[in-house]
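The sequence lines fix the lettering, A, B, ..., with proteins before strands; numbering per chain opens at 1.
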Amino acid sequence: MKRVVNFQEQDPSAEEWEFKDTKTENKKRKNGHREKFNATTTKRLDHAEFIKKKEEMAAFRKQLPIYSGREAIINTLQTSDTVIVMGETGSGKTTQIPQYLIEAGLASSEIGSVAVTQPRRVAAVNLAKRVAEETMTRLGSKVGYTVRFDDTSSPQTVIKYLTDGMLLREILSDELLLRYKVIVLDEAHERTLRTDMLFGMVKKIQKIRLERQGQDGILPLKIVIMSATLDAEKFSEFFNNAKILYVSGRLYPVDTMFTVEPQADYLDAALVSIFQIHVNNPKGDILVFLPGQDAIEGLTTLVNEYSTQLRPTQQKLLACPLFAALPPSQQQKVFDPAPENTRKVVLSTNIAETSITIPGIKYVIDCGLAKLRGFNPKIGVESLLLHPISKSSAWQRTGRAGREAAGVCYRLYTEDAFRELEDDTVPEIRRCNLAAAVLSLKASGVENVLEFDYMDRPSRASLVRALEELYALGAIDDHGNLSELGKQMAEFPLDPTYSKVLIQSKEYGCSLEIIAIISLLSVDSVFFTPSDKREQATEARKKFLHPDGDHLTLLNVLKSYWEVKGDIEWCKENFINNRNIKIAMEVRDQLIRFCERIDMDPKSSCGSDTDNVLKCFLTGFFQNTALLQPDGSYKSVAGSQNVKIHPGSAMFGKRVEGILYNELVFTTKHYVRGVSAIQSAWLPLAAPKYFNNVRS
DNA sequence: GAGCACTGC
């Protein structure tokens with residue numbers, strides 16, 4: 001290998017991002033203290049031990065960087081209705097501020113508790129566990145968490161960590177969130193669809209509670225927004241110029257390097273850089289950010305191949321792939337320490353940017369690209385395309401090099417290219433189908449979703465499209481009001497299309513089959529296809545294939561899974577992702593409970609008359625259909641779009657009169673996924689109103 | 001005839 005990638009350090013005179021430098025130098029140092037309370041056991045302590053432990057815990061809390069600002073934080077929270085707290089994730093703000101609120105009497109079991117939202121389940125669970133330990137209480141009493149399928153909270157709970165999706169559901173049954181005195185929206189900078197919805201909703205709730213203060217014992221609501229990046233001003237502006245608190249953390253410095261020249265081939269540049277770092281730098285593992293599974297698997301093979309050519313006196317390199325679709329057992333490998341005389345290279349997607357933290361990383365290589373979901377409301381097509389990342393995403397990646405000690409980040413692009421990047425990633429609410437969000441807003445009492453108070457307003461076209469979709473499904477009436485069906489649909493933890501199908505399954509007498517299939521469709525694919533065993537995986541899948549397509553194929557998978565009673569070895573042999581199918585079974589249990597609640601029989605089955613299942617799916621997916629053209633291609637009914645069946649589908653290469661599909665995503669072509677065969681004569685029966693309108 | 005970032009109820 002002769003090629004070299006030349007890096008240069010960040011231009012020190014470049015003032016415009018000097019602030020970013022302080023950010024990276026503010027690296028936290030939490031790991032040194034963590035062991036102390038991780039060692040806590042659940043065994044009953046005698047009184048003396050308890051006192052000692054309590055003192056230790058108090059001492060631990062006092063030496064957190066945030067503690068020095070405790071009084072100031074409490075004072076601000078006492079005098080302001082809304083506060084923006086800015087600080088790195090490790091500053092302790094998420095664990096300490098809720099405790100300060102309780103200690104200062106700003107929330108309690110009498111006046112209402114504290115809710116702290118998180119975008120991810122694991123974070124909510126772990127934070128609750130940690131704070132329960134710090135407060136020396138049993139998890140689920142004073143401190144608890146609520147995530148899907150798992151709820152430890154109780155009436156005594158005064159600090160509750162929950163996912164943002166969970167808080168949204170609580171609004172459905174408690175429109176003013178009266179059980180809470182303070183709502184903390186954490187990780188606000190991530191701007192997930194749900195946090196964005198909550199911004200507007202809690203702002204509205206706060207206003208109403210202030211107006212009705214005193215009536216029926218209603219108390220005002222405090223809002224705390226926590227963010228790790230510099231968009232604090234924007235949050236403050238949205239929340240009526242709320243006060244901003246800056247919480248400093250202790251973070252390790254990360255040197256940032258740019259390439260001197262633009263790199264035409266990021267994979268090649270990554271490969272060369274990995275070996276340059278390996279040969280020239282002291283020990284410490286490498287984390288490489290790449291856009292997708294393909295790139296990761298390709299580079300993994302290359303790194304391991306070239307590693308054998310290193311001089312015998314040199315350390316070896318071991319490449320570990322990491323992406324969401326990887327089965328858990330293989331994901332686990334990135335946490336194992338590298339073998340003797342070996343440096344670990346983790347090749348990862350964005351999953352390592354926020355969701356998974358890998359210990360031992362000293363070097364980060366950032367290719368500057370990511371695959372981003374997009375949505376075109378005019379033609380109703382989703383896309384998944386390669387885009388340059390934003391500056392904040394680049395800094396997030398950089399930070400991953402300095403979690404335990406000083407590190408280096410190598411960016412595979414020039415400093416000029418960096419300067420051209422957008423400041424922030426476009427919030428999710430501006431780039432996805434809003435049908436589910438709009439239904440949820442309507443069910444929570446937001447009548448006019450076009451006039452709703454959004455921090456970043458979605459385009460009018462996108463909102464109108466969502467309303468039209470809900471109208472076509474029968475969830476809203478001619479006046480734009482939620483129908484009875486719509487109210488029922490909003491209850492289900494599903495996309496509106498799926499809830500419609502599920503509710504309709506009563507008429508088609510196939511709830512058993514529909515619940516099973518929807519459960520499998522609402523998790524990531526249960527099929528796993530590693531690139532090096534593609535043939536075996538395809539072969540294994542053949543035994544499940546149903547001639548009518550993916551929906552009934554999934555049903556076959558489930559039937560076989562039940563026959564072997566979920567055997568883990570069977571899953572491995574058949575390239576079934578055990579984790580995903582298990583989650584699907586939890587979804588199924590949950591859906592069964594929801595069905596029983598609205599007097600549906602979850603066991604009603606159509607037996608061998610599987611056409612009923614597909615006809616039933618059409619009641620929700622009539623807009624996702626395509627008909628075979630004389631030339632053998634398929635054209636979508638709703639958008640006259642030429643679509644191709646995805647190669648991973650059971651219907652790939654087949655020619656049938658018509659197809660229905662779960663999604664249409666543009667990548668390199670317009671691909672439809674989750675495809676089944678239908679007859680065009682079924683269409684008007686499934687959605688008479690829609691097809692009569694279309695035809696006339 | 002060819003492929004899919006990440007969350008969440």
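- Contacts of A:S355 with the nucleic acid, taken as non-hydrogen atoms under 4.0 Å apart, involve only primed sugar atoms and P, OP1 or OP2.
- Mapped onto DNA chain B by nearest heavy atom, A:P291 and A:V147 fall at different nucleotides, with A:P291 at the one closer to the 5' end.
- Between the CG atom of A:L494 and the C1' atom of B:dG8 there is a distance of 12 Å, given to the nearest Å.
- Checked against B:dG1, B:dC4, B:dA5, the side chain of A:H646 finds its nearest nucleotide in B:dC4.
- Closest to the A:K371 side chain, of the nucleotides B:dC4, B:dG3, B:dC9, is B:dC4.
- Listed by chain and number, the residues in a ring pair (Phe, Tyr, Trp, His ring centres under 6.0 Å) with A:Y671 are A:H646 (sequence neighbours excluded).
- For A:T529, no side-chain nitrogen or oxygen approaches OP1 or OP2 of B:dG3 to under 4.0 Å.
- Within a 6.0 Å sphere centred on CZ of A:R655, other residues, nucleotides and ligands contribute 12 heavy atoms or fewer.
- As a whole-Å value, the separation of A:F527 CZ from B:dC4 P is 18 Å.
- Counting non-hydrogen atoms under 4.0 angstrom, A:R534 reaches a base of the nucleic acid.
- Residue contacts for A:T668: at a heavy-atom cut-off of 4.0 Å it reaches the sugar-phosphate backbone alone, with no base atom in range.
- Put simply, the side chain of A:I645 does not reach to within 4.5 Å of the side chain of A:K654, judged on heavy atoms.
- As rounded to whole Å, 14 Å separates atom C1' of B:dC9 from atom CG of A:L441.
- Taking every side-chain heavy atom of A:T667 into account, B:dC4 is the closest of B:dA2, B:dC4, B:dC9.
- Between the P atom of B:dC9 and the CG atom of A:L439 lies a distance of 17 Å, rounded to the nearest Å.
- For the pair A:N580 CG and B:dT7 P, the computed distance is 11 Å after rounding to whole Å.
- In this structure, a donor-acceptor pair under 3.5 Å is present between the side chains of A:E170 and A:Y180.
- Contacts of A:A370 with the nucleic acid, taken as non-hydrogen atoms under 4.0 Å apart, are absent.
- For A:R120, whose side chain is taken as the heavy atoms from C-beta onward, the closest listed nucleotide among B:dG3, B:dG8, B:dC4 is B:dG8.
- When the side-chain nitrogen and oxygen atoms of A:T163 are compared with OP1 and OP2 of B:dC9, one or more of them lie within a distance under 4.0 Å.
- Checking B:dC4, B:dA5, B:dG3 against the side-chain heavy atoms of A:Y671 singles out B:dG3 as nearest.
- Taking the side chain of A:D524 as heavy atoms from C-beta on, and the options B:dG8, B:dT7, B:dC6, the nearest nucleotide is B:dT7.
- Contact check for A:F323 versus A:Q331: no side-chain heavy atoms found under the 4.5 Å cut-off.
- The phosphate of B:dA2 has OP1 or OP2 within less than 4.0 Å of a side-chain N or O from A:K669.
- Within the 4.0 angstrom heavy-atom criterion, only backbone atoms of the sugar-phosphate kind lie near A:R121; the bases stay farther away.
- Whole-Å rounding puts the A:Y266 OH to B:dA5 P distance at 10 Å.
- A donor and an acceptor atom sit less than 3.5 Å apart, one in the side chain of A:R673 and one in the base of B:dC4.
- On a pure distance criterion of 3.5 Å, a polar donor-acceptor pair joins the side chain of A:R194 and the base of B:dG8.
- In the set B:dG1, B:dA2, B:dG8, the nucleotide with an atom closest to the side chain of A:P647 is B:dA2.
- In this structure, A:G292 reaches the sugar-phosphate backbone alone: every heavy-atom distance under 4.0 Å involves primed, P, OP1 or OP2 atoms, never a base.
- At a threshold of 4.0 angstrom between heavy atoms, the contacts of A:I351 are confined to the sugar-phosphate backbone, with no base atom among them.
- The CG atom of A:D196 sits 17 Å away from the P atom of B:dC9 (whole-angstrom rounding).
- Ranking B:dA5, B:dC9, B:dG1 by closeness to the A:P493 side chain, first place goes to B:dC9.
- Between the CE atom of A:M455 and the CD1 atom of A:I429 there is a distance of 10.0 Å, given to the nearest 0.5 Å.
- For the pair A:I583 CD1 and B:dC6 C1', the computed distance is 14 Å after rounding to whole Å.
- Taking 4.5 Å as the limit, some side-chain heavy atom of A:M489 sits within range of a side-chain heavy atom of A:L439.
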